[in-house]
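Okay, so here's the structure we're looking at.
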2 protein chains.
Amino acid sequence: MLKYQHIANELEKYIEEHALQQGEKLPSLDLLMTQFEVSKSTITKSLDLLEKKGIVFQVRGSGIFVRRHKRKGYISLLSNQGFKKNLEDFHITSEVIELDVRKPTKEAALNLNIELDNDVYYVKRVRYIHGLTLCLEESYFNKSIITYLNNEIISESIFNYISEGLGLNIGFADTFLHVNKLTEEEAKYLGLRKGDPKLYVESIFHLTNGQPFDFSKGTYNYEQSQFFVQTNSHFL
Amino acid sequence: MLKYQHIANELEKYIEEHALQQGEKLPSLDLLMTQFEVSKSTITKSLDLLEKKGIVFQVRGSGIFVRRHKRKGYISLLSNQGFKKNLEDFHITSEVIELDVRKPTKEAALNLNIELDNDVYYVKRVRYIHGLTLCLEESYFNKSIITYLNNEIISESIFNYISEGLGLNIGFADTFLHVNKLTEEEAKYLGLRKGDPKLYVESIFHLTNGQPFDFSKGTYNYEQSQFFVQTNSHFL
DNA sequence: CAGTGGTCTAGACCACTAT
DNA sequence: TAGTGGTCTAGACCACTGG
């Protein structure tokens with residue numbers, strides 16, 4: 001493991017275990033340098049990583065502080081992997097409705113950057129949070145990248161299988177959000193009524209080399225839809 | 001201006017002016033080093049910044065590539081500053097409904113981390129996008145930080161005034177999203193009907209030193225609500 | 001195996017904060 | 001003005017990609 005990643009993990013663990021709250025101060029750069037026996041740049045890199053993740057903020061001339069909001073029960077729009085990572089805190093389960101190999105729709109082909117006669121894995125699932133319907137999701141996986149899927153895999157964490165099982169490196173994702181009214185079919189799956197509000201989410205996931213491998217469309221139950229996003233300074 | 005910021009700006013401008021598309025390659029690190037006459041770390045820092053912003057992605061052993069999605073008309077949930085920055089592309093206007101100094105609600109006091117008897121500026125606005133109602137927004141500004149506001153300022157960009165006019169450094173924000181049904185009052189302001197879907201957004205903005213200065217609650221017109229978020233590798 | 005990006009170091013110097 | 005974080009350099013060495 002890389003030094004700066006290791007240090008970042010240690011610091012994150014430290015914050016977690018000591019239940020540090022927003023605004024609490026971490027040791028100074030100098031101290032961390034000597035404690036971890038690395039150069040200043042390496043510590044800086046660790047802290048930049050934690051800052052990107054929204055876990056700390058650094059104030060020149062003052063110190064390094066914990067960043068942590070107070071609200072519980074919100075799902076991060078960023079720490080995502082089809083949301084699995086923080087779903088461990090959330091008891092998420094899935095019911096698979098369809099799984100097969102087929103040709104992509106025009107829309108899927110466009111978003112996956114493939115031809116209409118290439119194969120994709122098509123997955124349709126209902127996902128539950130604490131036993132309540134969270135969303136109805138359709139996914140298209142580029143079969144020339146994701147070469148094999150089965151029922152067991154997609155009931156668990158697909159993204160974990162992609163990294164560990166297939167040895168692929170997941171890079172980045174683009175996510176598009178709309179608010180709209182439920183259709184009759186969607187309402188049925190979610191246990192709501194036609195015309196009720198929905199959050200509609202499309203995501204395109206890419207490997208580190210930029211190739212899109214997953215195009216997903218999800219319709220979220222508005223009653224369970226509490227999301228949050230952390231924004232950093234360079235955006236403001 | 002810092003070197004790495006300057007270089008990042010130049011590269012961003014270059015990508016913009018040459019209308020480079022997703023996947024197009026930028027010059028190698030070595031080339032950039034010699035062109036800009038800086039050390040490798042400085043170039044790396046520039047590129048890391050652009051990567052954070054979702055403008056490029058780097059592939060070890062291969063090169064530096066432009067990252068850019070294809071969809072138009074989406075508002076970034078991150079490049080926000082109350083959304084002003086990318087609103088320049090969007091012709092946003094505001095109508096001020098209320099502006100006064102008052103005591104905060106419990107909710108506002110909690111989120112701004114102040115006492116109930118401290119003063120806040122209260123601002124209520126309807127915001128329009130291309131002349132259509134985008135959202136109804138209520139904001140609470142900590143008056144001990146934002147010492148003065150008037151109608152002219154809040155019709156323009158509040159955040160610009162805070163940085164330029166007041167010389168304050170805006171640091172980071174936490175944003176919480178819900179989907180729900182419009183109340184009668186909200187529907188009236190947005191020109192929709194009671195019970196229609198809404199996106200409800202709460203944001204807490206902080207200075208670089210971690211002090212919250214603005215708590216805002218916005219109700220978005222679902223017909224104009226198209227948002228996107230870019231996720232980077234360290235989250236996946 | 002050549003080219004390209006990533007990690008890490010040691011150290012100089014700068015900019016801001018708190019007291 | 002002491003303490004603390006931020007920028008920048010020059011260079012060594014590592015890890016991955018692609019022909």
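Residue numbering restarts at 1 for every chain, and letters A, B, ... go by the order of the sequence lines.
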In whole Å, I'd like the distance from the CD atom of A/Q5 to the P atom of C/dG6. 13 Å

For B/N232 and B/E51, which heavy atoms make the closest approach, and how far apart are they? ND2-O, 3.3 Å

Pick base, sugar-phosphate or nothing for B/I64, based on heavy-atom distances below 4.0 Å to the nucleic acid. sugar-phosphate

Nearest heavy-atom approach of B/L20 to B/R68 is O-NH1, 3.0 Å

Salt bridge between B/K13 and B/E10, side-chain N to carboxylate O under 4.0 Å? yes

Atom-pair distance (CG on B/D48; P on D/dC8), nearest Å: 13 Å

Whole angstrom value for the distance that separates P of C/dA18 from CG of B/N209: 7 Å

Looking at every strand, decide which applies to B/S41 at a 4.0 Å heavy-atom threshold: base, sugar-phosphate, or nothing. base

How many whole angstroms separate atom CG of B/N169 from atom P of D/dG5? 17 Å

Of the candidates D/dT9, C/dG5, D/dT4, the side chain of A/S28 sits closest to D/dT4

Which atom pair, heavy atoms only, marks the closest approach of A/I162 to A/F213? CD1-CE1, 3.6 Å

A/R60 has its side chain closest, among C/dG6, D/dC8, D/dG6, to D/dG6

Quick check: on DNA chain D, is the nucleotide nearest B/Y4 upstream (toward 5') of the one nearest A/T208, or the reverse? Name the residue that is more 5'. B/Y4

Are B/S216 and B/S203 linked by a side-chain donor-acceptor pair shorter than 3.5 Å? no

Take atom CG of B/L2 and atom C1' of C/dA15, then tell me their distance rounded to the nearest Å. 10 Å

I need the CG-P distance between B/L168 and C/dT17, as an integer number of Å. 11 Å

Let me know, please, whether A/I43 or B/L26 comes out on the 5' side of the other along DNA chain C by nearest nucleotide. B/L26

Look at the side chain of B/K40 and the base of C/dG6, then say whether one donor and one acceptor between them are separated by less than 3.5 Å. yes

Whole-Å gap separating C1' (D/dG3) and CG (A/L32): 15 Å

Most 5' of A/S62 and A/T44 on DNA chain D, judged by nearest nucleotide: A/S62

DNA chain C: 5'-proximal contact among A/K3 and B/D30 (nearest heavy atom): B/D30

Interatomic distance where CG belongs to A/L47 and C1' belongs to D/dT4 [whole Å]: 12 Å

